[in-house]
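Proteins come first, then strands; the chains are lettered A, B, ... in the order of their sequence lines, and each starts at number 1. Hydrogens, waters and symmetry mates are skipped; everything else that's a heavy atom, side chains included, is used.
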Protein chains: 2
Amino acid sequence: MMRVDQNSKLDNALSKGALSILGAAVPLFAEKGFGAVSINDIALRANTSKANIFHHFKSKEGLYIAVMKSACGHLAEVLDKVEHVDNDSPRKKLEAFFTLHLQSLQAHPQSARLIQHELLENESQRGKHLAEEVFSKHFTRLVELVREGQSQDWLRKDCDTSLMAFVLVATNIFFFESRSVLQHLPEVNFAESPDRYNSAVFKLLLNGFQKES
Amino acid sequence: MMRVDQNSKLDNALSKGALSILGAAVPLFAEKGFGAVSINDIALRANTSKANIFHHFKSKEGLYIAVMKSACGHLAEVLDKVEHVDNDSPRKKLEAFFTLHLQSLQAHPQSARLIQHELLENESQRGKHLAEEVFSKHFTRLVELVREGQSQDWLRKDCDTSLMAFVLVATNIFFFESRSVLQHLPEVNFAESPDRYNSAVFKLLLNGFQKES
DNA sequence: GTCTATAGGCCGATAGAC
DNA sequence: GTCTATCGGCCTATAGAC
């Protein structure tokens with residue numbers, strides 16, 4: 001028999017109580033990282049008790065991995081979306097991916113932060129493989145799009161395919177990462193309008209920095 | 001009277017004991033972040049006692065701020081270096097900065113990680129202003145170099161100066177950040193050779209993605 | 001300056017009532 | 001499923017001998 005609830009497949013098999021704990025844990029882990037968050041912090045935010053958290057999750061690490069899985073699921077959804085704009089030109093497809101990529105970071109900032117924390121901490125492997133999986137899934141898809149552009153003689157072939165893909169993800173992710181700092185810099189006027197930033201960078205990367213000859 | 005020791009100005013006024021504590025604290029804070037490192041961890045690594053750490057630093061946060069100051073100092077040194085290649089062409093200067101910037105990240109990976117941790121945690125302000133200061137000092141210098149290139153009719157003027165500078169720092173920092181992941185990706189062959197990556201990206205950004213017309 | 005000993009509190013995790 | 005009460009341990013920080 002199917003379960004009665006209609007939760008997304010990402011949160012499957014979790015009871016209402018467990019979901020509210022998960023919901024309280026996500027922003028805390030996203031902001032402070034695993035080591036700086038206590039079960040008590042989460043219990044207070046979820047309006048429940050420490051013991052109840054250990055009833056729903058076998059350990060602090062178990063809860064953290066559940067949080068990471070949910071975050072990775074959210075960020076993986078952008079891949080499904082971009083598959084649906086599949087009958088356009090390579091340029092349209094690449095630009096759509098680039099735009100959706102940044103939009104997905106903005107739509108799920110906590111998920112993006114969780115993955116950043118995981119990539120930053122070289123150590124305990126907790127959920128690093130999950131983070132790497134999501135990262136490489138996006139990256140591989142982007143490499144395909146660039147390769148398509150190259151084979152159709154639109155993008156230059158004398159440059160490494162994966163290098164171009166890398167520059168695209170790098171600018172988006174670093175924009176997301178550094179937005180709070182960028183807003184304080186007087187030289188920068190694109191920090192408050194991600195969409196304008198996004199299209200300007202895309203144009204810049206395509207045409208290059210140098211003056212037209 | 002001058003002090004007798006010849007420590008760099010970054011570590012000034014710190015005794016030998018304090019310096020060895022600082023040296024033990026840096027890699028721990030860099031890898032795990034503030035919240036996940038205990039004074040005892042640091043004491044064990046420094047072959048001393050907890051109490052002695054509190055003798056040299058007034059609190060855990062005081063020690064952390066000393067660590068951050070040292071890290072920011074190391075990364076600021078690249079600015080001094082690039083000032084010394086000042087009588088060249090705008091292109092040479094920009095490329096020198098770009099290369100030195102990545103090299104300084106590689107030379108002081110722990111400093112770079114500390115700053116990343118600080119930028120990632122929106123909260124307690126501990127040393128965030130220090131991190132932002134270093135970031136914006138680099139960025140402002142880079143904006144100047146790009147503007148110079150624009151005014152000499154080498155770089156395009158129809159694109160935001162700070163946006164070009166942003167793309168340059170973004171690619172370098174994100175390369176540093178994601179190197180451990182990049183090494184696992186079969187499509188990527190530039191992860192192991194930062195210098196080759198560096199010059200290839202510089203060329204790519206100057207010329208753009210699109211095929212020469 | 002460096003140590004041992006210890007205070008007082010919070011940690012993750014468990015037991016057991018309801 | 002949710003709670004209170006509690007465990008042993010580790011936490012930051014201090015006191016005081018040397």
Out of D:dA5, D:dA15, D:dT12, whichever nucleotide has its closest atom nearest the side chain of B:Lys50
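Among D:dA5, D:dA15, D:dT12, the one nearest the side chain of B:Lys50 is D:dT12.
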For B:Val188 and B:Ala191, work out which heavy atoms get closest and say how close.
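Smallest interatomic distance, heavy atoms only, reads CG1-N, 3.9 Å.
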Work out which heavy atom in A:Ala30 is nearest to a heavy atom in A:Gln110; give both atom names and the distance.
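Here A:Ala30 and A:Gln110 meet closest at CB-O, 3.6 Å.
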Bounds of contact between DNA chain C and chain B, in 5' to 3' order, using a heavy-atom cut-off under 4.0 Å
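Result: C:dG1 to C:dT4.
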Is the shortest distance from a Lys or Arg side-chain nitrogen in A:Arg141 or A:Glu144 to a carboxylate oxygen in the other one below 4.0 Å?
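Salt bridge: yes.
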What I want to find out is whether B:Lys81 reaches B:Glu77 closely enough, with some N-O distance under 4.0 Å, to be called a salt bridge.
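Looking at B:Glu77 together with B:Lys81, the answer is no, because their closest N to O distance does not fall below 4.0 Å.
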Check residues 168-176 of chain B and write down every donor-acceptor pair under 3.5 Å in which the side-chain atom is one partner and the other belongs to a residue at least two apart or another chain.
| from | atom 1 | to | atom 2 | distance (Å) |
| --- | --- | --- | --- | --- |
| B:Thr171 | OG1 | B:Val167 | O | 3.1 |
| B:Thr171 | OG1 | B:Leu168 | O | 2.9 |
| B:Asn172 | OD1 | B:Asn198 | ND2 | 3.1 |
| B:Asn172 | ND2 | B:Phe98 | O | 3.0 |
| B:Asn172 | ND2 | B:His101 | ND1 | 3.2 |

Taking [atom1] from [X] and [atom2] from [N], how many angstroms apart are they, rounded to a whole number?
| X | N | atom1 | atom2 | value |
| --- | --- | --- | --- | --- |
| B:Asn52 | D:dA15 | CG | C1' | 15 Å |
| A:Asn40 | D:dC11 | CG | C1' | 15 Å |
| B:Phe54 | D:dC11 | CZ | P | 11 Å |

So which one's nearest nucleotide on DNA chain C is more toward 5', A:Lys58 or A:Asp41?
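That would be A:Asp41.
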Only one of B:Val26, B:Ile115, B:Leu75 forms a side-chain contact (heavy atoms from CB on, under 4.5 Å) with B:His108, so which one is it?
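By the side-chain contact (heavy atoms from CB on, under 4.5 Å) criterion, B:His108 pairs with just one of B:Val26, B:Ile115, B:Leu75: B:Leu75.
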What contact category does B:Ser38 fall into here, base, sugar-phosphate, or nothing, at under 4.0 angstrom with non-hydrogen atoms?
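The answer is sugar-phosphate, as B:Ser38 gets under 4.0 Å only of primed atoms, P, OP1 or OP2.
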